[in-house]
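The structure appears right after this line, and notes come after that.
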Amino acid sequence: MIKSGNLDVGELGINILKNGIMTEHIDYSQIEHAEIKREFRIKNWIITLLIGILLLTISNLWLFDFFSDFEYNPQNYTESIRLPWMILISPIIIGFMSIGIIVSALKRTMILYLFMNKEHRRIHLMDLDKEEKLNELYSFLDDRIVISK
């Protein structure tokens, strides 16, 4: 029996877990074949990457514009200090968020695809990949279903 954060593989079948609670049970007889692949963690990684690059470009242009021609003449002293810092901090925060989006879009992990009659399941194997138990999972499933690496 092999257990990870979102997968429990036993003698009777595969249990898909969410927050440690079994949400779905799949018998080995239902599975036509399975594949283990190293793929991007996010399904629409290209769109996420483009959004991250777009936000990073906007924040860089915003910072460049801030430093190139800032002419603000306030009436009182507190506005002259507060407003430029708020204008400066906003693109920096957006820039760091966009870097996080780009990094998360480019992360890859091992994914188990289970192909059944007219549907398939996509299960992340991050925990098993970190613990280096993928070969154990592969040999366990190889005896029960048709699996390709």
Side-chain angles (χ1 to χ4, degrees), residues 1-70 72 81-149:
M1 186 166 125
I2 300 169
K3 188 169 184 174
S4 71
N6 56 353
L7 182 70
D8 184 12
V9 180
E11 293 293 329
L12 301 175
I14 298 174
N15 297 324
I16 299 174
L17 307 174
K18 288 187 182 176
N19 297 328
I21 300 170
M22 185 183 77
T23 57
E24 184 177 2
H25 175 77
I26 302 171
D27 288 331
Y28 293 123
S29 60
Q30 295 174 338
I31 301 171
E32 293 176 0
H33 71 282
E35 294 178 3
I36 295 178
K37 296 181 182 179
R38 180 169 293 280
E39 288 189 355
F40 293 99
R41 227 192 274 182
I42 301 173
K43 287 182 185 177
N44 299 324
W45 66 273
I46 293 175
I47 295 171
T48 307
L49 181 66
L50 292 175
I51 289 171
I53 291 171
L54 178 71
L55 286 174
L56 187 63
T57 305
I58 289 171
S59 68
N60 286 336
L61 290 174
W62 192 357
L63 277 174
F64 179 73
D65 186 48
F66 174 75
F67 286 119
S68 64
D69 60 347
F70 183 72
Y72 181 69
I81 294 175
R82 191 178 326 146
L83 187 63
W85 282 108
M86 289 177 67
I87 292 173
L88 178 64
I89 289 173
S90 299
I92 291 173
I93 291 172
I94 291 172
F96 282 126
M97 285 182 4
S98 63
I99 290 171
I101 290 171
I102 291 169
V103 167
S104 68
L106 294 177
K107 281 192 177 179
R108 297 176 68 127
T109 187
M110 297 301 283
I111 296 175
L112 173 67
Y113 286 98
L114 299 174
F115 294 97
M116 292 163 283
N117 291 334
K118 293 183 180 179
E119 56 186 298
H120 74 279
R121 297 285 186 270
R122 183 177 191 258
I123 304 168
H124 293 271
L125 301 175
M126 290 180 285
D127 298 339
L128 294 176
D129 194 17
K130 287 179 186 175
E131 297 172 5
E132 297 178 358
K133 291 185 178 180
L134 286 175
N135 290 332
E136 184 180 340
L137 175 70
Y138 182 74
S139 63
F140 187 82
L141 289 177
D142 196 29
D143 297 338
R144 291 160 179 78
I145 57 176
V146 177
I147 188 167
S148 62
K149 231 177 187 179

(request) Decide salt bridge (charged side-chain N to carboxylate O under 4.0 Å, His left out) for Asp129 and Arg38; before the verdict, give the C-alpha distance in whole Å, the side-chain angles of both, and the deciding distance to 0.1 Å. (result) CA-CA 10 Å; Asp129 194 17; Arg38 180 169 293 280; 3.2 Å; yes

(request) Apply the test side-chain contact (heavy atoms from CB on, under 4.5 Å) to residues Met126 and Arg41: give CA-CA distance (whole Å), side-chain angles for both, the deciding distance (0.1 Å), then the verdict. (result) CA-CA 9 Å; Met126 290 180 285; Arg41 227 192 274 182; 3.5 Å; yes

(request) List the steps, then state whether side-chain contact (heavy atoms from CB on, under 4.5 Å) holds for Leu141 with Ile14. (result) CA-CA 10 Å; Leu141 289 177; Ile14 298 174; 4.1 Å; yes

(request) Let me see the working for Glu119 and Arg121 under salt bridge (charged side-chain N to carboxylate O under 4.0 Å, His left out), right down to the final yes or no. (result) CA-CA 7 Å; Glu119 56 186 298; Arg121 297 285 186 270; 2.8 Å; yes

(message) What verdict does the side-chain contact (heavy atoms from CB on, under 4.5 Å) test give for Glu32 and Met116, after you've listed the backbone C-alpha separation in whole Å, the side-chain angles of each residue and the deciding distance to 0.1 Å?
(response) CA-CA 5 Å; Glu32 293 176 0; Met116 292 163 283; 5.8 Å; no

(request) Step by step, work out the side-chain contact (heavy atoms from CB on, under 4.5 Å) result for Ser59 and Ile92. (result) CA-CA 7 Å; Ser59 68; Ile92 291 173; over 6 Å; no

(request) With side-chain hydrogen bond (donor to acceptor under 3.5 Å, both in side chains) as the test, would you mind laying out the steps for Glu11 and Tyr28 before giving the verdict? (result) CA-CA 9 Å; Glu11 293 293 329; Tyr28 293 123; over 6 Å; no

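Scanning both residues, Ala34 and Leu112, for their nearest heavy atoms gives CB-CD1, 4.2 Å. Between Lys3 and Leu128, the closest heavy-atom pair is O-CD2, 4.3 Å. Scanning both residues, Asp127 and Gly5, for their nearest heavy atoms gives OD2-N, 2.9 Å. Of all heavy-atom pairs spanning Ile111 and Arg122, the tightest one is CD1-NH2, 3.1 Å. Nearest heavy atoms, Ala105 versus Leu49: CB-N, 3.8 Å. Between His25 and Gly13, the shortest heavy-atom contact is CE1-CA, 3.8 Å.
Within a 6.0 Å radius of CG in Asp143, other residues, nucleotides and ligands contribute more than 12 heavy atoms. Annotation for Ile99: atom CD1 counts as buried by contact number, over 12 foreign heavy atoms lying within 6.0 Å.
When side chains are defined from C-beta on, Glu39 counts as touching Tyr113, because their heavy atoms get closer than 4.5 Å. Put simply, the side chain of Ser90 reaches to within 4.5 Å of the side chain of Trp62, judged on heavy atoms. Using a 4.5 Å cut-off on side-chain heavy atoms (C-beta onward), Leu7 and Asn15 make no contact.
Atom CZ of Arg144 is separated from atom CD1 of Ile31 by 11.5 Å, given to the nearest 0.5 angstrom. Here OG1 of Thr109 is found 8.0 Å from NZ of Lys130. Values are rounded to the nearest 0.5 Å. Taken to the nearest 0.5 Å, the CD1 atom of Ile51 stands 11.0 Å off from the CD1 atom of Ile102. In this structure, CG in Leu55 is found 6.0 Å from OG in Ser98, a value given to the nearest 0.5 Å. A distance of 9.5 Å separates CE of Met110 from CG of Leu137, quoted to the nearest 0.5 Å. Interatomic distance, CG of Leu106 versus OG1 of Thr48, reported as 10.0 Å (0.5 Å rounding).
Remark: side-chain polar atoms of Asp8 are not paired, donor with acceptor, to backbone N or O of Met22 under 3.5 angstrom. At least one donor-acceptor pair closer than 3.5 Å links the side chain of Thr23 to the backbone N or O of Ile16.
Taking Phe115 as the reference, His33, His120 meet the ring pair (Phe, Tyr, Trp, His ring centres under 6.0 Å) condition, with sequence neighbours excluded.
Cation-pi check for Lys107 over Phe40 is not met; the charged atom does not lie both under 6.0 angstrom from the ring centroid and within 45 degrees of its normal.
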